[in-house]
Amino acid sequence: MSSPLSAGFCELVFNSAEAPEGVTPILQVLSVKKINAPGAAGQDRYRLILSDGKHFIQAMIATQLNHLVDSKELDKNVIIKLTGYVTNAVQGRKLVIILNLETVQWNGEKIGNPTNLEQQQSAGGGASTSAPAQAAPKQEVGGFQARQQLTAGRGGPQAKAGGVKGKQDVGPLYPIEGLSPYQNKWTIKARVTQKSDIKHYSNQRGEGKLFSVTFMDETGEIRATGFNEAVDNFYNMLEEGKVFFVSRARINIAKKQFNNVNNEYEIMFENQTEISPCDDDSVPQVKYNFKGIDALGETQKDELCDVIGVVREVGEIGSVTSKATNKPFAKRDIQLVDSSGHSVRLTLWGKQAETFQADDQPVIAFKGVKVGDFGGRSLSMFSSATMSVNPDIPEAHQLRGWFDAEGRNTQFQQYTNAMNNGAAGAGAAAGGVRPSELKTIGEAKDEGLGMSDKPDFFTTSATIAFVKQETFSYPACANPEGCNKKVVDTNDGYLCEKCDRKWDAPIHRYILSMNVMDHTGSFWITAFNDQAEQIMEISANELNKLKETGEDINTHFQKTTGKTLTFQMLAKQDSFNDQPRVRYTCRKVSAPDYVGDSAHLSQLISQMSV
DNA sequence: CCCCCCCC
């Protein structure tokens, strides 16, 4: 029986700079292996060894074909027809990247005894028992004479449409999901779903400007950034909502910490990058996954989500100074409502705050806004967030109808601090505790809270294991205006160097050092006067008096150990003996809210079972 | 090559 395989294909790929045109080879899979490199959106990636019966060659499959591996349709000894592929040299090795394939009926036996072309080549080429490795590209080889247009992914006959205006060969049409740094010849056809402002920056390397866009097609999204010349070349052309061909750009590993676009990679526009408009509107529009305003309590702080609502009120423009950078930012709050009868505040920043105009109570769809916990729940525009005013989507029409008919006169329920972490109404606010994320001590440590330049806030319920008795307070300035500075004991009174005044007696204030623990671990925290007084149930001054009169103050510390409390903590980077460490300060303390905390836990559990 | 996303 003659081999069904396209003998000679491996050799052709091996000796050609580019993918052979017009061939759809039939090859046998010798092995399938998961590799240690993420796919575009973090999926697994698989490497195949493909045989043409004479030789074998390495291949990768585009992640959208992963299901074929999962379902075992693509497995050892299976025969496949490559209907979409490109070839590439990675670190001097030839690689076939499979974008589309069909499986061919076969009895499952291995065909022939294929050999490794690479070894033969590196051994001097003479070891090859097959035809000399001289096959010129784009000529008929081996047993196949296919003359089909090379198609890639879903591009079909449009593959060459990527060849913009007949310029250079820009590569086949790729699905966004198929892009990777291993492949540099590609064209995507994608819609711009988001475009940033032009940002100017200056650092040690000089000055520059940049912008970024998010592209989307039916397989995924990817962020693209252009610097300097690319700003001049493409900023105006790339309109939000329109579809473009993009090719000859670089693919980098995305720094996921800086944006929420779901892709392991990002595009960097370069000098030779080609972008041209495309009038094919079949590329999908932005997809929303709206969260009802009443359901924001289910989200975690800092989560990104999509929200649609009627702009019921527009606040005045204001300016705030960033604590981090000391730079001023324009800010504007708006109030959003939806048919759940809930309202939420959303903050716009910078240019968006300045230019925002909506005096007619429009419906606005927001994509990728950040959830905050100020005032229970609040929303904040993120740089990669988008807003669409009165979008033509069913949800918007529905909201419009509802608002005009009844919503206009509805009394809306606002988020409040009492709704701690979504535990609706549970009395967490008893002590006026501002809700911040409830964490175990282990989580606070594992997540490195307080290790960055900026302080971190969290809440933890823990039990006091030990309170330091030796140094629980300091003598403070007695100024009734509230100075609180430490005073120096001179022989004729206590001097406050700040107020430049002397007092007959200081007022003692707490600096209480405590070891607190929960089921995950323990840490040392510091509570200052007000919180410490709440914990100790006696003022530092009184406790000092007892100490000075020789009374047993130990009982006061004894009855404090073993108390379980909810601490609102500040974790901040500090150095001690030149060693960096985290200093944990208790900002507020309250009785544990068992009802609210268990509601929070049960919510976490239900999230796990999704 | 940016990468800040702030405030109360």
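So you know, we letter chains A, B, ... as the sequences are listed, proteins then strands, and number each from 1. Worth knowing before you read on, the calculation uses all heavy atoms, side chains too, and leaves out hydrogens, waters and symmetry mates.
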Which pairs would a plain distance check flag for residues 306-319 of chain A, meaning a side-chain donor or acceptor within less than 3.5 Å of a matching protein atom at least two apart in sequence or in another chain?
unit_1   : atom_1 : unit_2   : atom_2 : d
A:Asp306 : OD1    : A:Gly368 : N      : 3.0
A:Asp306 : OD2    : A:Asn289 : N      : 2.8
A:Asp306 : OD2    : A:Lys367 : NZ     : 3.2
A:Arg312 : NH1    : A:Gln335 : OE1    : 2.9

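- Using a 4.0 Å cut-off, some side-chain N or O of A:Asn203 falls inside it from OP1 or OP2 of B:dC2.
- Counting any heavy atom pair closer than 4.0 Å across all strands shown, A:Arg345 reaches a base atom.
- Per the stacking criterion (ring centres < 5.5 Å, plane angle < 30°), A:Phe329 does not stack onto the base of B:dC7.
- The side chain of A:Val320 approaches B:dC7 more closely than any other nucleotide in the set B:dC2, B:dC1, B:dC7.
- Between the CD atom of A:Gln194 and the P atom of B:dC2 there is a distance of 19 Å, rounded to whole Å.
- Nucleic acid contact class of A:Glu207 (heavy atoms, under 4.0 Å, all strands): none.
- Judged by ring centres under 5.5 Å apart and planes tilted less than 30 degrees, A:Phe382 stacks against the six-membered base ring of B:dC5.
- Contact of the A:Gln183 side chain with the A:Met60 side chain is not registered, since no non-hydrogen atoms from C-beta on lie closer than 4.5 Å.
- Nearest to the side chain of A:Phe227, among B:dC6, B:dC1, B:dC7, sits B:dC1.
- Among residue pairs with one or both ends in residues 344-373 of chain A, none qualify as ring-ring contact (aromatic ring centres under 6.0 Å, His included); sequence neighbours excluded.
- At a cut-off of 3.5 Å, with distance as the only test, a side-chain donor of A:Thr566 or A:Ser461 sits close to an acceptor on the other residue.
- Stacking here means ring centres nearer than 5.5 Å and ring planes tilted less than 30 degrees, and by that measure A:Phe374 stacks onto B:dC8.
- The side chain of A:Lys370 places an N or O atom within less than 4.0 Å of a non-bridging phosphate oxygen (OP1 or OP2) of B:dC6.
- Residue A:Lys351 places no side-chain N or O under 4.0 Å from the OP1 or OP2 atom of B:dC4.
- Summarising the geometry, the separation between CZ on A:Arg377 and C1' on B:dC8 is reported as 17 Å, rounded to the nearest angstrom.
- Atom CG of A:Leu346 and atom C1' of B:dC6 are 14 Å apart (whole Å).
- For the pair A:Gln352 CD and B:dC4 C1', the interatomic distance rounds to 15 Å; values are reported in whole Å.
- Protein atom CG of A:Leu379 is 17 Å distant from nucleotide atom P of B:dC5, rounded to whole Å.
- One atom, CD1 of A:Ile198, and another, P of B:dC1, lie 20 Å apart when rounded to the nearest Å.
- For the pair A:Tyr235 OH and B:dC2 C1', the computed distance is 15 Å after rounding to whole Å.
- Separating the CG atom of A:Asn271 from the C1' atom of B:dC1 is a distance of 13 Å, rounded to the nearest angstrom.
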Applying salt bridge (Lys or Arg N to Asp or Glu O under 4.0 Å), run through A:Asp232 and A:Lys209 and close with a yes or a no.
CA-CA 10 Å; A:Asp232 302 332; A:Lys209 58 184 175 181; 2.8 Å; yes
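- The residue A:Thr225 sits close to a base: some heavy atom pair falls under 4.0 Å.
- A donor N or O paired with an acceptor N or O is not found under 3.5 Å between the base of B:dC7 and the side-chain atoms of A:Arg332.
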